[in-house]
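This report refers to the structure that appears directly beneath it.
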2 protein chains.
Amino acid sequence: MTELEKGPKGRRRGRGARERILSASQQLFREQGINRTGMDQLCAAAEVSKRTAYQHFTGKDELVAEYLRRFDPSVLPGVFDRTDLTPRERLLAAFDIPPTTPLCPYIAAAVELHDPQHPASQYARDYKKAVATRLADTAREAGAADPEQLGEQLALLLDGAAARTRVLNTDAFPAAAAIAAVLIDNAIPATAGDERRREEVPS
Amino acid sequence: MTELEKGPKGRRRGRGARERILSASQQLFREQGINRTGMDQLCAAAEVSKRTAYQHFTGKDELVAEYLRRFDPSVLPGVFDRTDLTPRERLLAAFDIPPTTPLCPYIAAAVELHDPQHPASQYARDYKKAVATRLADTAREAGAADPEQLGEQLALLLDGAAARTRVLNTDAFPAAAAIAAVLIDNAIPATAGDERRREEVPS
DNA sequence: CCGTAAGCACACAGGGCGGTGTACATAACA
DNA sequence: TGTTATGTACACCGCCCTGTGTGCTTACGG
């Protein structure tokens, strides 16, 4: 209504059908999974004709890949860019996920698609690597002895909590956060036992 | 071929079609996933007529559930029952998975089926709980201060390694084992009479 | 030896799937 | 205004899926 994003080809288009499609994808793919969500149902939920959907996306595969790319700004940068927290607190804040988030969609997509060559699977890999990198950066900022290792470990904890939450249907992130606290304290050379103050590291 | 297990109803059956079906399930469900494996293909691989398959299993759902139940004796008890290892070593040995194992099938099934009410999903939950319990038992044997917590933590690490291995297509279990070593040493008070010593976390 | 049960071959139903063709309506912009 | 990009409505295709119906063959056991 008020403002429309730029369309896929750069020009401003009529009435954002693409946005509705992606919005419906977010909801349906999460609630029902990718394979169990047909294009018919998705188009109906998006109030978009099927023909239009296939004019925006060459196929379901492309739609799935695009759907995954819409999660970037939602969770992680919101944590890493918080300046009101110390690096150590930022690392722990990554485990404070809102209870509305059912499961990491990247893991779900990789398992459901089951093809490492699928563009969505490739993007899932890239994303997971990017998260580990950001964790490592923050770990370095926090003064960890081996930031890459700590970043990888924390990423593994996040994925473990996500998978376990999915299978057991219970929130496993608090347990993961507890482990993270131990690992962080073990990885940061103890300058002081209560070292929680700001640490100035020129970036 | 000479000896056949007892059939599902206790009577000895003609020529074990059921075994062949389940054997083919193990292979195909793992290689291709559950949803991407049709009954036609599965029956062809098992050299069993489709009609026979549906006389042994009321439907694919039941077959999937039964397929999951066939993993018990494969991996875990083989680790927990080893008497040549100390309890601490047994906990770590759980992370020594053979490289032939692609991914925890329980997580895969829970994600693919996407229905917590599905019998296979329920069994996956039960199994994960059982693993955590066995880990907790071993942790108690090793003298951990809070065995339940340590068991839950180690289970989370296993699931994290499995998920991460799947998404990134690289073996994440060594990293998980490194974390496990830290957690175990942190959880076991030094009073326990074992050779606990400062460990070098492998990179 | 024969009867019964297990298994087989084959075709088919019914439905959902991804994807398309065609003809028509509307919004944006010149 | 009219043109063009955008979206719509709806039927349709071919494919694969789970699941059956029917009739036939084989093996085992009494």
Side-chain angles (χ1 to χ4, degrees), chain A residues 1-25 28-29 32-67 112-115 118-120, chain B residues 1-25 28-29 32-67 112-115 118-120:
Chain A
M1 316 241 291
T2 57
E3 293 218 317
L4 283 175
E5 306 278 354
K6 309 274 267 182
K9 305 200 301 222
R11 277 197 65 188
R12 186 172 179 279
R13 295 306 155 121
R15 265 214 259 64
R18 189 185 177 91
E19 305 305 315
R20 268 179 290 155
I21 296 170
L22 286 168
S23 177
S25 303
L28 292 179
F29 286 163
Q32 312 179 338
I34 295 171
N35 290 331
R36 297 184 123 69
T37 301
M39 291 298 283
D40 282 323
Q41 182 193 6
L42 197 146
C43 291
E47 288 178 314
V48 157
S49 85
K50 217 159 84 165
R51 207 66 192 82
T52 301
Y54 279 97
Q55 275 158 0
H56 279 284
F57 305 94
T58 66
K60 194 183 182 182
D61 289 348
E62 185 182 314
L63 172 58
V64 171
E66 193 64 28
Y67 142 79
E112 278 204 85
L113 301 175
H114 213 275
D115 173 17
H118 193 290
Chain B
M1 293 304 170
T2 58
E3 293 226 312
L4 286 173
E5 307 278 354
K6 308 276 267 186
K9 305 196 301 219
R11 279 199 60 188
R12 185 176 181 281
R13 297 304 160 113
R15 263 216 260 69
R18 189 186 176 90
E19 305 305 315
R20 268 178 291 156
I21 296 170
L22 286 168
S23 177
S25 303
L28 292 179
F29 286 164
Q32 312 179 336
I34 295 170
N35 290 331
R36 299 185 121 70
T37 300
M39 292 298 282
D40 281 323
Q41 182 193 7
L42 198 147
C43 291
E47 288 178 315
V48 157
S49 87
K50 217 159 67 161
R51 206 68 192 80
T52 303
Y54 278 97
Q55 273 157 3
H56 280 284
F57 305 94
T58 66
K60 193 183 182 183
D61 289 348
E62 184 181 313
L63 172 58
V64 170
E66 191 65 26
Y67 141 80
E112 279 204 83
L113 303 176
H114 213 275
D115 173 17
H118 193 290

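All heavy atoms count here, side chains included; hydrogens, waters and symmetry mates do not. We name chains A, B, ... by the order of the sequence lines, and we start the count at 1 in each one. Just so you know, these numbers come straight off a predicted model, no measurement behind them.
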**Asked** From C:dG19, D:dT18, C:dG7, pick the nucleotide closest to the side chain of A:Lys60?
**Response** C:dG19
**Any residue meeting side chain to side chain contact (heavy atoms under 4.5 Å, CB included) with B:Ala45, in chain and number order, not counting sequence neighbours** = B:Ala24, B:Leu28
**Request:** For A:Phe57, check side chain to side chain contact (heavy atoms under 4.5 Å, CB included) against everything at least two apart and list the hits.
**Result:** A:Arg18, A:Ile21, A:Leu22, A:Glu62, A:Leu63, A:Glu66
**Prompt:** Rounded to whole angstroms, how far apart are CG on A:Asp40 and P on D:dC12?
**Reply:** 15 Å
**Prompt:** Between the side chain of B:Arg36 and the main-chain N/O of A:Glu112, is any donor-acceptor distance below 3.5 Å?
**Reply:** yes
**Message:** With the threshold set at under 4.0 Å for non-hydrogen atoms, list the residues of residues 47-54 of chain A touching DNA chain C in residue-number order.
**Reply:** A:Lys50, A:Arg51, A:Tyr54
**Prompt:** Could you give the angle between the helix axes at the two ends of the helix from C:dC1-D:dG30 to C:dA30-D:dT1, with five pairs per end, rounded to 10 degrees?
**Reply:** 10°
**Prompt:** With a 4.0 Å cut-off on heavy atoms, is A:Thr37 in touch with a base, just the backbone sugar-phosphate, or nothing at all?
**Reply:** sugar-phosphate
**Asked** Can you name the ring pair (Phe, Tyr, Trp, His ring centres under 6.0 Å) partners of B:Tyr54, sequence neighbours left out?
**Response** none
**Request:** Mind calculating the distance between CZ (A:Arg20) and C1' (D:dT8) to the nearest angstrom?
**Result:** 11 Å
**Message:** List the residues meeting side chain to side chain contact (heavy atoms under 4.5 Å, CB included) with A:Asp61, not counting sequence neighbours, and say none if there are none.
**Reply:** A:His118
**Asked** Rounding to a whole Å, what distance do you find between B:Phe57:CZ and D:dT18:C1'?
**Response** 15 Å
**Request:** Could I get the full list of side chain to side chain donor-acceptor pair (under 3.5 Å) partners for B:Ser49, not counting sequence neighbours?
**Result:** B:Thr52
**Prompt:** A:Asn35 has an atom CG; how far is it from atom P of C:dC17, in whole Å?
**Reply:** 11 Å
**Request:** List in chain and number order the residues that pass side chain to side chain donor-acceptor pair (under 3.5 Å) with A:Gln32, two or more places apart in sequence or in another chain; answer none if no residue qualifies.
**Result:** A:Thr37, A:Gln41
**Message:** Just the rounded figure in Å: distance from P of D:dT18 to CZ of A:Arg36.
**Reply:** 11 Å
**Prompt:** How close or far is atom C1' of C:dC17 from atom CG of A:Leu63, stated in whole angstroms?
**Reply:** 15 Å
**Gap separating the CD atom of B:Glu47 from the CZ atom of B:Arg20, nearest 0.5 angstrom** = 6.5 Å
**Request:** Return the set of residues passing salt bridge (charged side-chain N to carboxylate O under 4.0 Å, His left out) with A:Lys60 (not counting sequence neighbours), or none when no residue passes.
**Result:** none
**Message:** Measure CE/A:Met39 against P/D:dG14 and give the value in whole Å, please.
**Reply:** 21 Å
**Asked** Whole Å only: how far is the CD atom of B:Gln41 from the P atom of D:dC15?
**Response** 18 Å
**Asked** Reckon B:His56 has a side-chain N or O less than 4.0 Å from the OP1 or OP2 of C:dG7?
**Response** yes
